[in-house]
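What you are looking at is a predicted structure, and each value in this text was computed from that prediction instead of being measured.
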Amino acid sequence: MNLQEASALIESIRSNLAKVIVGKEDGVNLLLTALLANGHVLLEDVPGTGKTLLAKTLARSLDCAFKRIQFTPDLLPSDLSGINYYNQKTGEFQFRPGPVFASILLADEINRATPRTQSSLLECMEERQITIDGVTHELQRPFLVIATQNPVDSQGTFPLPEAQLDRFLMRITSGYPTFEEGIHILQRFRQDNPLEDTAAVATAQEIQDIQRLAAGIAVSDELLAYMMRVVEATRTSPAVRLGASPRAAFALLRASQGYALIQGRSYCIPDDIKAVAVPVLAHRLILQRGPGVREGQSAEVVLQVLREIEVPAEPAVLSRGGRVE
């Protein structure tokens with residue numbers, strides 16, 4: 001797959017999403033970026049803002065296996081992974097796969113499940129495999145977890161631990177629609193649900209091809225150094241107890257490459273890094289404890305770092321190896 005074919009495929013998926021989703025251009029771009037970067041997404045927003053609808057629309061746009069599971073306090077790890085059960089007809093144990101054996105898994109309200117159930121996703125999200133009763137099963141490719149949670153509802157919820165948050169490439173928050181977008185939403189859903197008429201426009205093989213293309217997007221050494229300066233600055237911020245890890249730096253690289261491909265380029269520029277820095281880094285920061293800590297401060301830390309770090313000059317021409325010519 002070349003750049004022109006990839007751009008056409010991305011535009012087809014984007015057009016499919018636009019038939020159902022009103023507005024949310026930034027959120028859609030970030031979701032597509034995570035898909036191309038082969039990463040997982042945490043959609044965090046108040047109820048009724050279209051988190052589940054966005055995930056379902058993306059799943060409908062891809063010709064891949066899709067499963068949705070509602071996370072609840074009584075959900076067990078085996079409800080996700082599957083179980084070995086005794087088949088009386090054959091006299092043998094058989095494996096019944098769970099919903100993780102799908103290319104796209106929608107984990108709705110993930111923070112309502114217990115930490116034990118949440119942790120059952122760690123191996124799946126990191127290694128694209130799952131071990132059940134000592135047997136390791138490979139998961140389908142591509143494999144994308146889209147989890148949703150409500151940040152303002154704490155009753156009956158279990159906050160995601162840092163290790164679980166670190167498995168998400170991005171945390172995306174879109175917020176309420178504008179007044180005009182609200183009117184368009186009412187008009188679009190006044191009679192029928194457009195999601196029901198959404199058809200797939202990309203195959204699983206095409207998604208894997210475009211993911212490989214995204215991984216080959218050129219990144220100059222100057223931009224790699226810029227990424228590391230941003231990451232290291234989060235570790236020295238007085239408001240942060242634990243800054244971004246090497247895994248976060250790699251996530252920033254992959255997301256920047258995916259975002260560049262979304263923009264139709266074969267190379268990264270500083271604006272790509274700036275566009276994904278907050279959704280990639282903010283949820284990975286552990287802030288200092290104290291009365292001054294407030295919701296959203298981690299995003300402010302990343303934005304402050306971006307303002308303070310000197311941006312390298314944009315290269316005019318890049319070679320195939322990603323170095324400035």
Check the pair Arg284, Asp166 against salt bridge (Lys or Arg N to Asp or Glu O under 4.0 Å), reporting the backbone distance first and the verdict last. CA-CA 6 Å; Arg284 291 178 160 93; Asp166 199 35; 2.7 Å; yes
Donor-acceptor check, side chain of Glu44 to backbone of Thr148, threshold 3.5 angstrom: yes or no? no
ILVMFWY clustering at 4.5 Å (side-chain atoms), partners of Leu42: Ile69, Phe71, Leu75, Leu80, Phe95, Val100, Phe101, Leu105, Ile110, Leu121, Met125, Ile130, Ile132, Leu139, Phe143, Val145, Leu160, Leu165, Phe168
Arg254 meets the salt bridge (Lys or Arg N to Asp or Glu O under 4.0 Å) criterion, sequence neighbours left out, with none
If you group Ile, Leu, Val, Met, Phe, Trp and Tyr by side-chain heavy-atom gaps below 4.5 Å, do Val280 and Leu242 land in one group? no
From CA spacing to verdict: side-chain hydrogen bond (donor to acceptor under 3.5 Å, both in side chains), Glu300, Gln304: CA-CA 6 Å; Glu300 295 175 9; Gln304 181 63 30; over 6 Å; no
Straight-line distance of Thr33 OG1 to Tyr259 OH, nearest 0.5 Å: 6.5 Å
Could you grab the distance from atom CG of Leu213 to atom CD of Gln211, nearest 0.5 Å is fine? 11.0 Å
Between Cys268 and Ser256, which heavy-atom pair has the shortest distance, and what is it? SG-O, 3.4 Å
Write out all pairs satisfying salt bridge (Lys or Arg N to Asp or Glu O under 4.0 Å) with one or both partners inside residues 59-83, taking only residues at least two apart or from two chains. Arg68-Asp108
Glu123 and Gln129: CA distance, side-chain angles, deciding distance, side-chain hydrogen bond (donor to acceptor under 3.5 Å, both in side chains) verdict: CA-CA 6 Å; Glu123 183 183 8; Gln129 67 181 31; 3.2 Å; yes
Can you list, by chain and residue number, the hydrophobic cluster partners of Leu122 when the side-chain cut-off is 4.5 Å? none
Rounded to the nearest 0.5 Å, the CG atom of Asp272 sits from the CD1 atom of Ile217 at a distance of 9.0 Å
Can I get a per-line list of side-chain donor-acceptor pairs under 3.5 Å for residues 17-30, giving both atom names and the distance, sequence neighbours left out?
| unit_1 | atom_1 | unit_2 | atom_2 | d |
| --- | --- | --- | --- | --- |
| Lys24 | NZ | Thr49 | O | 2.8 |
| Asn29 | OD1 | Arg14 | NH1 | 2.3 |
| Asn29 | ND2 | Glu25 | O | 3.4 |

Value rounded to 0.5 Å, distance of CG in Leu3 from OH in Tyr267: 10.5 Å
Under a 3.5 Å distance rule, please check whether Glu232 uses its side chain to pair with a backbone N or O of Arg229 as donor and acceptor. no
Main chain of Ala233, side chain of Ser237: is a donor-acceptor contact present, judged purely on distance under 3.5 Å? no
Can you tell me if Thr234 uses its side chain to pair, donor with acceptor, with the backbone of Ala244 under 3.5 Å? yes
Distance check, rounded to the nearest 0.5 Å: Gln140 atom CD versus Gln208 atom CD? 10.0 Å
Any chance you could lay out the side chain to side chain contact (heavy atoms under 4.5 Å, CB included) test for Asn16 and Thr57, step after step, and finish with the verdict? CA-CA 8 Å; Asn16 238 27; Thr57 307; 5.7 Å; no
Checking Arg190 against Gln187: is there a side-chain donor and acceptor pair closer than 3.5 Å? no
Sequence neighbours excluded, every pair satisfying salt bridge (Lys or Arg N to Asp or Glu O under 4.0 Å) that has a member inside residues 208-217: Asp209-Arg212
Would you say Ser220's side chain and Leu223's backbone share a donor-acceptor pair under 3.5 angstrom? yes
Hey, does the side chain of Ser12 reach the backbone of Ala8 with a donor-acceptor pair shorter than 3.5 angstrom? yes
Do Gln118 and Gln164 have side-chain N/O donor and acceptor atoms under 3.5 Å apart? no
What do the steps show when you test Glu92 against Asn87 for side-chain hydrogen bond (donor to acceptor under 3.5 Å, both in side chains), and what is the final call? CA-CA 6 Å; Glu92 298 177 346; Asn87 190 327; over 6 Å; no
Donor-acceptor pair between Arg128 and Asn38 side chains, under 3.5 angstrom: yes
Please confirm whether the backbone N or O of Gly175 pairs with a side-chain atom of Asp45, one donor and one acceptor, at under 3.5 Å? yes
Whether the side chain of Asn193 engages the backbone of Glu196 through a donor-acceptor N/O pair (distance < 3.5 Å, no angle test) should be reported. no
Separation between OG1 of Thr52 and CD of Gln70, rounded to the nearest 0.5 Å: 7.5 Å
Would a distance-only check, ignoring hydrogens and angles, find a side-chain to backbone donor-acceptor pair under 3.5 Å from Gln257 to Ala215? yes
Mind checking whether Leu303 and Met227 sit in one hydrophobic cluster, side chains of I, L, V, M, F, W, Y counted as touching below 4.5 Å? yes
Heavy-atom count check: over 12 atoms from other residues, nucleotides or ligands less than 6.0 Å from Phe179 CZ? no
Please check if Ile286 and Val302 belong to a single hydrophobic cluster, counting links between Ile, Leu, Val, Met, Phe, Trp and Tyr side chain heavy atoms closer than 4.5 Å. no
Walk me through it: do Lys89 and Gln94 pass the test side chain to side chain contact (heavy atoms under 4.5 Å, CB included)? CA-CA 11 Å; Lys89 293 183 179 179; Gln94 292 185 351; over 6 Å; no
